[in-house]
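Convention: sequence-line order gives letters A, B, ...; per-chain numbering from 1. The basis for the numbers below is simple: all heavy atoms, side chains too, and nothing from hydrogens, waters or symmetry mates. All figures in this text were calculated on a predicted structure; none of them were measured in a lab.
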Amino acid sequence: MDPDAGSSTAVSWPSASTAGAAAKEEEGGGKQVLVVLVGPPGSGKSTFAEAVQGGSAAGRPWVRVCQDTIGNGKAGTKIQCLKAAADALKEGKSVLLDRCNLECEQRADFVKLGNHVHVDVHAVVLDLPAKVCISRSVSRMNHEGNLQGGRAAMVVNRMLKKKETPFLTEGFSRIMFCKDDNDIKKVVDMYNVLGPSDSLDSGVFGQNSKGPVQVGIMKFLKKPGSSVEKFSGPKVTPSESIPQMQNHFSKQESLEAGGTCPVEAEEEFSNSKKIEEQSRERVLSDISSHTLAFPSISTADFHFDLDRASDIIVDAVAEVLQKYDNIRLVLVDLSQKSRILSLVKDKAAKKNINSNRFFTFVGDITQLHSKGGLQCNVIANAANWRLKPGGGGVNAAIYNAAGEDLQRATKECADTLRPGSSVTVPLPSTSPLHQREGVTHIIHVLGPNMNPMRPDCLKNDYTKGSKILHEAYTSLFENFVAIVQSCMGKQNTEPALEKPATGVTSPNDSKTKRECTHDSERTKKHKLVQPNVSSNQATEGDIKRSAVTTTKMWGSWAQALHELAMHPENYKNSDSVLEISDDFVVLNDLYPKAKRHVLVVSRRDGLDSLADVKKEHLPLLRRMHSAGVKWTQKFLEEDSSLVFRLGYHSVPSMRQLHLHIISQDFNSASLKNKKHWNSFTTTFFLDSVDVIEEIEQRGSATISSDDRVLAMELRCHRCRSAHPNIPKLKSHIANCKSSFPSHLLQKDRLLSSSTMHMDCT
DNA sequence: GTTCTAGAAC
DNA sequence: GTTCTAGAAC
């Protein structure tokens, strides 16, 4: 790649003729730069630094900090370089750090320094062939660091063995690789025209794609109790001013290898340190891909106050990083001038967030690896509530980059998304985004909504909006953690719940759906689920099923059906009771939610709900189903325009297993609220045919004990359009003539005069 | 499951 | 002001 490919920033600023203080004054525009040169002796670092310093045509004041010369005749130290760099930056100057910096550890303190004083930290890698460096260093005379002749060849070889390619995650905002003098010249030219207020785009430029894999960058991925723990670097605190940093460094001074090319360097590593390094690399390579890249959610659509949004991001990030160790988060924005990015960066630094575990990044979220050199196995999508492509921005970009695979995979996981929630979609390996960028999962997230045509519009309610935005990020991070945990093959303290997602459920696709995860709504009470559900006992699969047995507490009001089932003779004169058999009672629902709404109530004591049903109950279920079909037929004879659905509520409110037979007009005054609607039109409603089939195959029914589907937005059961409230929904469904969703047209899930081969008169 | 009602939304 | 939702009580 051309080294200046990323220098798209215009450099047409007025040239500041004065240096130093003048540059500092202009800080509002661009930033100072700390250029960390990376290269062995003979690679041309000093020549590069002198060329930039001497050729600056744009008024940017440069200071060269060179370890070879900083000791005034004696061997210079890293500490001296750090101090000199800190001083120069404090004076508003940009710094060229002229030392080898071949190892991550050698660079780390300088990067930290640059990030602390909020300057851009660049790496310029002088990646020339070893023989070139050797030949230059061997033959040169009067080298500043007195490294020349035969000794130089040995040192260059030794150092190159230890070379660790710089990576953005070390804290660099930009890395440029120079393979030859031509590349070097281009980079020098780029800096020469970089005015005091200019800045260069973030990213990696000129890297050879088959470069070595960088493992050292993963040192942030410590796990408590593991050997990696020992390698967590000194904790960075916001109050850690430069002098304090220097104190810290001075303690380590004896351990630090000299900057330029000390022959002694190799001896500085004790055996124990080597062992630690090896074990670190081994562990870290296992979890090296656990990185989530996410865009800023809702800030464009919602016109969210960016200051508040950045607080929310930083808070949510801090919370999740505190809870989990082995993850890395990256906030991505396309624009170099992104305000949300700079706000978040500043606040994260102030909040003492480890910049290795969370950082901001300028780039295209769909090309982080190929263009940015940043490997992220999971990326978040600022999705729309329909989970559909389009709309521009990140959503469109991700759908475009991932191809149709993403649409298909998303559809298998969920139909919609509520504000403040997220859903994980495993990205098929056939997707270009998977193949090219190494992205294995997309997590769709939906922030607060302000479009009055959509459900849950917040208008200008920032309190609520903030809450939802925080929920959205938390949900995103929890889902990401769940992916990481499942990749690591273990469930930690707080595994994110794995649930069947919203939308279509059928035996055919239930497997894939289970692989998707929806967010857990921690604040919501699960009133219908009693503690004995024992979610924490779930081990493999983690699908809560059939766990609600005999000990569920039923309120007195919930006992009516049980009472009826046990003593149907007491009700035989009631108008509501249509049929009594040994197995069941058929009755009109007391509060019908449609023109026709009938219950087939099992008479078996102990079968409180579907969760209690086992294979031995199949004959009963089949008989209940047949009774339902028989009565449906009768109703269709009375009104052939009706369409019926037969099914069970996942978690019923009334005790005693009962099958609903309900016409799909939903034209009833008793249908009053969201829970009523969603209990019949979401996955909460399990079709009788599917329940029977699953019990035949698995021995029990898969039940989502998650009642969040009941709180979902109101959508037409035919055309899936959304409506803000019950009255509007009702007026819509009264007129909606759309055909039913295709899955309902299969397997006799819908019964009508045509499917039952009756005459339509 | 429904009813009642406070308070949010309009 | 009225409409609508959501939570508590039953």
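The stretch residues 565-584 of chain A participates, sequence neighbours left out, in no ring pair (Phe, Tyr, Trp, His ring centres under 6.0 Å) pair at all.
Look at CG on A:Asn678: it is 11 Å from P on C:dA6, rounded to the nearest Å.
Taking the six-membered ring where tryptophan is involved, the planes of A:Trp677 and A:Phe666 are perpendicular, since the angle between them exceeds 60° and thus also 30°.
Nucleic acid contact class of A:Leu561 (heavy atoms, under 4.0 Å, all strands): none.
Salt-bridge annotation for A:Glu713 and A:Lys674: absent, with no side-chain N of the basic residue lying under 4.0 Å from a carboxylate O of the acidic one.
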Please list, for nucleotides 1-5 of chain B, all pairs of protein and nucleotide N/O atoms separated by less than 3.5 Å.
unit_1: B:dG1; atom_1: OP1; unit_2: A:Ser653; atom_2: N; d: 2.8
unit_1: B:dG1; atom_1: OP1; unit_2: A:Ser653; atom_2: OG; d: 3.1
unit_1: B:dG1; atom_1: OP2; unit_2: A:His649; atom_2: ND1; d: 3.3
unit_1: B:dT2; atom_1: OP1; unit_2: A:Lys593; atom_2: NZ; d: 2.9
unit_1: B:dT2; atom_1: OP2; unit_2: A:His676; atom_2: NE2; d: 2.6
unit_1: B:dT3; atom_1: OP2; unit_2: A:Lys672; atom_2: NZ; d: 3.1

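Residues forming a side chain to side chain donor-acceptor pair (under 3.5 Å) with A:Lys630 (at least two apart in sequence, or on another chain): A:Glu579.
Within the 4.5 Å cutoff, side-chain heavy atoms of A:Glu478 are placed close to those of A:Tyr324.
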